[in-house]
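Note that the structure is predicted; figures quoted are calculated from it, not measured.
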Amino acid sequence: MAAATSPRFEGGQWVISRYADACAVLSDDRFAVPDAPPGGTGIETGIETGMGWLRGAVSRFANGRRHAEGRRAAVAALTPLDPVRLREAARRRAGTALRDGVPFDAVARRIPVAVLADVLCDDSGSDPDEVADLVGVIADAYFPGTGPDAPADAALDRLLCLLRSLRSRGLGAPSGDSSAHSFLRPDTAAPLAGPEAGTLAATVMLLVQACDSTAGLIRNAARSLTGRPDPAAIDELLEETLRLDPPLKVLRRVATERVTLGDVVVEAGTAVVIDVPAAGRDAAVSSTRPPGAAHLTFGHGLRPCPGDRLALSLAAGVLEAVADSRRTTGTPGERAFAAFREMHHGPAPLVLPNAWDYASAAALARAGFTAVGTTSLGVAAVAGKPDGEGATRDETVALARRLARLPCLVSVDIEGGFGGTPGQVADLAAELAAFGVVGVNLEDGRPGGRLAPVAAVQEAVAAIKERVPGMFVNARTDTFWLATTLTGDEAGTAESRLRPEDQVAGKEPSGAEMLDEALRRCRAYAEAGADGVFVPGIAEAEHIRALAGGTGVPLNVLFLPAGHTVAGLAELGVRRISCGSLLYRAALGAAVTTALAVAEGGPVAAGLPGYAEVQALLKG
């Protein structure tokens, strides 16, 4: 694990990735949160209304006295809520929704809101599902620039009306104030100023956070839920998710005066961005982290989140229901197939690292990856054979058998089917499925740099899906990888293109020509039953976007370190990101570098796995 770096200046702002630096910024009142943008005002009253009012009234966008008032209102609203009861209610409601076929993403987003609405609005006669719909619209526009304010303004007006009875029950009422409904004007839904407005804003904010941040925590944790269904493991999983994959990726502050931070000087007015996942990873290895220090997602120092226990309880309840549904629906194999397919339809792309032996796969699983692929180059290289020539069927099957006992889902690269007929390829898929393999990668590249006829690949895909319907077939076209549009029937060996690093004669097709051919092939493979399509070697954003939106199935691309980021690929519509042979080549390079360092007396890299650590991997 690479060490976090000291503050670095990028794009006119300081970026923080060390845990100690992040805590220093969050504990220093000279670093303030950016102001919320203004909202609209009522023509007759002149009072700020709608989303502008909400952002300005809640403590997240406030500093000083306004922040303190907002926090007091939030604490008052939270005091009557019981985390244990919220967890059980979330589990019951989510279980019902999942049994009714509600998609997981909708469950993660709506159930926490509905549970809170049941508690906060049960005297109002409001429908929790209507509240969830309204809060969803508000949440989509809550952060400035994320959505249009006009629909959210209307949704907020309606939600405020539904919350009128809240104060009559005493929930969230400021100390010493028992007047009913005093936080709304009698003739309009526009909030008044003062503590009443803060109480109402805090209540709305509870619901928005349940829809936004809590849902993000649920989604991220669910990616690692496979095989860990008991409540204690779910609590641990949520803690680990908050550290490594939190729903809130950045925290922003602005220096109100000149501040020295470590060995850098932050000038007044300069923005500071805290990389929350990087700081969380640093906290895991940092000797300076105080025992029991809070996760940065829930704030630190001056602005700790008063609702952390509630958020964790709601998330745990939903995850328990998800675990229950996976445990009780279908056979173990069917549940594994479904879990892997679900990973391709979540809010973030599936990052699939590729292993070449048992130890590399075990290390990846221990690092938290819940799905691992194999790399045909790595498997072939370990066996001393060339890649892509159909010579490693036995090695591939043997590795798959070993990987099946790991606590992760496994997808196997079977090259082009190892030269078999469609029936033989289907037999191979069935053999792998019997071990517990959930996916296969089937490519159309052929030795000599040719592409297989489309019909031949379609027949192989259809045969696999007929024999093993649940198997995730990732159909790969090597149009960009081989830089060719010619099939084996159309091109002789002399005209064929080898992999880009091999220099051969012949005219390379244009990017537009390769895109057209890749789209044609991907659509054909999807029509034959492929669950996803894989286009390695593609780098141009417009090509990726066209393929992501033009095939009807999840798009998988090969990660290119010089040109890709996970966030950038996600924005283009990519649903799966493979590492291919990258990890094997990195390990090979590191091995040679270490050997040379020993021979030449140079420094050996720190942080290498110890002998006992590797032994532990092998013992499971």
[atom1]/[X] to [atom2]/[Y] distance, rounded to the nearest 0.5 angstrom?
X	Y	atom1	atom2	value
Ile218	Leu238	CD1	CG	8.5 Å
Leu296	Leu248	CG	CG	9.5 Å
Leu364	Phe369	CG	CZ	6.5 Å
Thr256	Asp29	OG1	CG	7.0 Å
Ile16	Leu251	CD1	CG	11.5 Å

* To do: Could you check Leu352 against Arg576 for side chain to side chain contact (heavy atoms under 4.5 Å, CB included), going step by step and ending with a plain yes or no?
  => CA-CA 7 Å; Leu352 190 73; Arg576 171 166 156 180; 3.5 Å; yes

- Message: Could you walk me through whether Arg243 and Glu240 satisfy the salt bridge (Lys or Arg N to Asp or Glu O under 4.0 Å) test, starting with their C-alpha distance in whole Å, then the side-chain angles of each, then the deciding distance to 0.1 Å, before giving a yes or no?
- Response: CA-CA 5 Å; Arg243 181 172 65 85; Glu240 188 76 355; 2.5 Å; yes

For [X] and [Y], work out which heavy atoms get closest and say how close.
X	Y	answer
Asp235	Ala316	OD1-CB, 4.1 Å
His564	Ala539	NE2-CA, 3.9 Å
Phe31	Val266	CE2-CG1, 4.2 Å
Val574	Pro349	O-CG, 3.4 Å
Ala255	Glu267	CB-O, 3.6 Å
Leu582	Phe559	CD2-CD2, 4.2 Å

Please determine whether side chain to side chain contact (heavy atoms under 4.5 Å, CB included) holds for the pair Leu217 and Leu312, giving the CA-CA distance in whole Å, both sets of side-chain angles, and the decisive distance to 0.1 Å. CA-CA 9 Å; Leu217 176 59; Leu312 287 170; 4.1 Å; yes

Handout entry: Between Ser578 and Asn556: side-chain donor-acceptor atoms closer than 3.5 Å
Key =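 Per modelled atom types, Ser578 and Asn556 side chains form a pair under 3.5 Å.
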
(request) Classify the side-chain pair Arg575/His344 by whether it contains a donor and acceptor separated by less than 3.5 Å. (result)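 No donor-acceptor contact under 3.5 Å links the two side chains.
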
Discussion item. Looking at Trp14, is its backbone amide N or carbonyl O close enough to the side chain of Arg8 to form a donor-acceptor pair, meaning the two atoms are under 3.5 Å apart?
Written reply: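 Absent.
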
Quick check: does any side chain N or O of Asp21 sit under 3.5 Å from a backbone N or O of Leu261, one acting as donor and the other as acceptor?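 Not confirmed, Asp21 side chain does not pair with Leu261 backbone.
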
Start with the C-alpha distance between Leu409 and Thr370, add both sets of side-chain angles, then the distance that settles side chain to side chain contact (heavy atoms under 4.5 Å, CB included), and finish with yes or no. CA-CA 6 Å; Leu409 301 176; Thr370 54; over 6 Å; no

For this session: Count the heavy atoms belonging to other residues, nucleotides or ligands that lie under 6.0 Å from CZ of Arg30, then report whether that count exceeds 12.
Result: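 Buried by this count: over 12 neighbours within 6.0 Å.
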
| said: What I'd like to find out is whether the side chain of Leu617 reaches to under 4.5 Å of the side chain of Arg366, using heavy atoms alone. | reply: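 A side-chain contact under 4.5 Å exists here.
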
Verdict with reasoning, Asp82 to Arg309, per salt bridge (Lys or Arg N to Asp or Glu O under 4.0 Å):
CA-CA 9 Å; Asp82 181 355; Arg309 292 184 305 122; over 6 Å; no

* **Sequence-distant partners of Ala132, side chain to side chain contact (heavy atoms under 4.5 Å, CB included), two or more places apart** =>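 Expected list: Arg110, Val113.
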
Query raised in the report: Given Glu571 and Arg545, is the salt bridge (Lys or Arg N to Asp or Glu O under 4.0 Å) satisfied, shown in steps?
Result: CA-CA 9 Å; Glu571 291 178 359; Arg545 186 178 287 108; over 6 Å; no

Exercise. Can Arg219 and Asp105 be counted as an ion pair, charged N to O under 4.0 angstrom?
Worked result: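 Yes.
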
Quiz item: Checking side chain to side chain contact (heavy atoms under 4.5 Å, CB included) for the pair Leu555/Ile544: CA distance, chi angles, key distance, verdict?
Solution: CA-CA 9 Å; Leu555 173 66; Ile544 296 173; 4.1 Å; yes

